[in-house]
Novice: 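Provided herewith is a single structure, encoded as structure tokens, for subsequent inquiry.
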Amino acid sequence: MSILVTGGLGYIGSHTVVELIKNNFEVIIVDDLSNSEKFILNNIEEITGKRPIFYPFDLRRKELLTQVFEAHDIKGCINFAASKAVGESMVEPLDYYENNLFSLVNVLQEFRKRNISNFIFSSSCTVYGQADEMPIDENTPLKEAESSYGKTKQMGEDILKDFSRAYQKRVTLLRYFNPIGAHPTALLGELPSGIPNNLVPYVTQTAAGIREKLSIWGDDYPTEDGTAVRDYIYVVDLAKAHVAALKKLINSEEETVLDVYNLGTGKGSSVLEVVKAFELANDVAVPYQICPRREGDITVAYANADKAEKELGWKSETTLEEALKTTWEWQKYLKERTN
Ligand code: UD1
């Protein structure tokens, strides 16, 4: 069965492609390489023994997208293609709306025209903002997103709700908490362009000596150690959830489905706990300094992922330390590659 994976060479996309191939899906990737690299395709082939079909173009190019749908009997889509830098989205919001939403609508139009169902959307826990109560389950009220990036996720969800209702389609919204780690082969991982914004890539580059010191954004939060708390989910566990969600959609007897799942571990870890766990797991030092809070950051977010366990038969299996070990192996691989 052929599945379109947009953004399939990106961080979460590439790990998901590997799991799809392992589960005998034929994968067709469309990725414009704006935040990914071509060698990832070779590495997917090295891991799985299969080379996915790959089209390098921007999904806003409708005529090219139509050709892909004409060439393949596509039965579903996992949509990862999107820009994701929170700060950048505040400076160039129009680029975010155009890239993240026009691309999405273009794929959905093809689904509508050709009567295809089974659509999985990469959403984010960012749609909840600072929730009033922890843990966050799928019924936790959504709050206005802080960033334009976050708004594209909320709007994307709204577009898909309408799409599912008006055209009787099967849709799943997956709300990721904080994805971390790399493939156990060290052949896939996160490729932050420039200075990383996210915690784990920054920690990793600091340990590798690429960055001098990690800045911890705030130690005066009302948490146990004063640093902010997140739910760090291992990227391979996350990838497996996509396959489980896709199988559920494909096997569903309902014509119209709109499912929403939180994907997290259910456990919150503070910034300092992540730093300590990284040091312990990899026996390296991560020099850090305490800095003022980062604008737009929330205090705490962790998931109640019971619904995914009950309905998808999926749960997070990898510990924070195990995940952080894979990140370090990936960093070593990247270093060897550039030497
Ligand atoms: C961020 C985005 C979120 C997005 C997610 C994607 C914001 C406000 N939110 O989540 O919308 O879906 O990335 O992965 O940007 N930290 C430091 N020092 C650093 C980097 C981070 O102390 O150099 C802290 C942050 O203050 C935060 C925690 O580490 O408390 C996690 O930060 P990060 O990895 O950027 O993720 P989020 O902010 O949770």
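Counting convention: from 1, in listed order, for ligands and their atoms alike. Residue numbers run from 1 in the order of the sequence given.
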Novice: Hydrophobic cluster mates of I298, side-chain heavy atoms under 4.5 angstrom, ILVMFWY only, any path?
Specialist: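 Answer for I298: none, a lone residue.
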
Novice: Would you give the length of the straight line joining atom CG of L142 to atom CD of Q154, rounded to the nearest 0.5 angstrom?
Specialist: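 Those atoms lie 6.0 Å apart.
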
Novice: Please list, by chain and number, the protein residues whose heavy atoms come under 4.0 Å of ligand 1.
Specialist: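 Lining ligand 1: V86, S124, T126, Y149, N178, N197, N198, L199, Y202, L214, S215, I216, W217, A228, R230, Y232, V271, R294, G296, D297.
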
Novice: What pairs meet the ring pair (Phe, Tyr, Trp, His ring centres under 6.0 Å) rule with one or both residues in residues 228-249, with sequence neighbours excluded?
Specialist: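 Sorted result for residues 228-249: F80-H242, Y176-H242.
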
Novice: Give a yes or no on this: more than 12 heavy atoms of other residues, nucleotides or ligands lie within 6.0 Å of atom NZ of K325.
Specialist: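 No, not enclosed.
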
Novice: Side-chain polar contacts of residues 275-288 - donor-acceptor pairs under 3.5 angstrom, sequence neighbours left out - could you list them?
Specialist:
| unit_1 | atom_1 | unit_2 | atom_2 | d |
| --- | --- | --- | --- | --- |
| E279 | OE2 | V286 | N | 2.7 |
| N282 | ND2 | F278 | O | 3.4 |
| N282 | ND2 | L324 | O | 3.2 |

Novice: Hydrogens and angles aside, do Y333 and N43 bring a side-chain donor and acceptor to less than 3.5 Å of each other?
Specialist: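 Yes, N43 and Y333 have a side-chain donor paired with an acceptor closer than 3.5 Å.
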
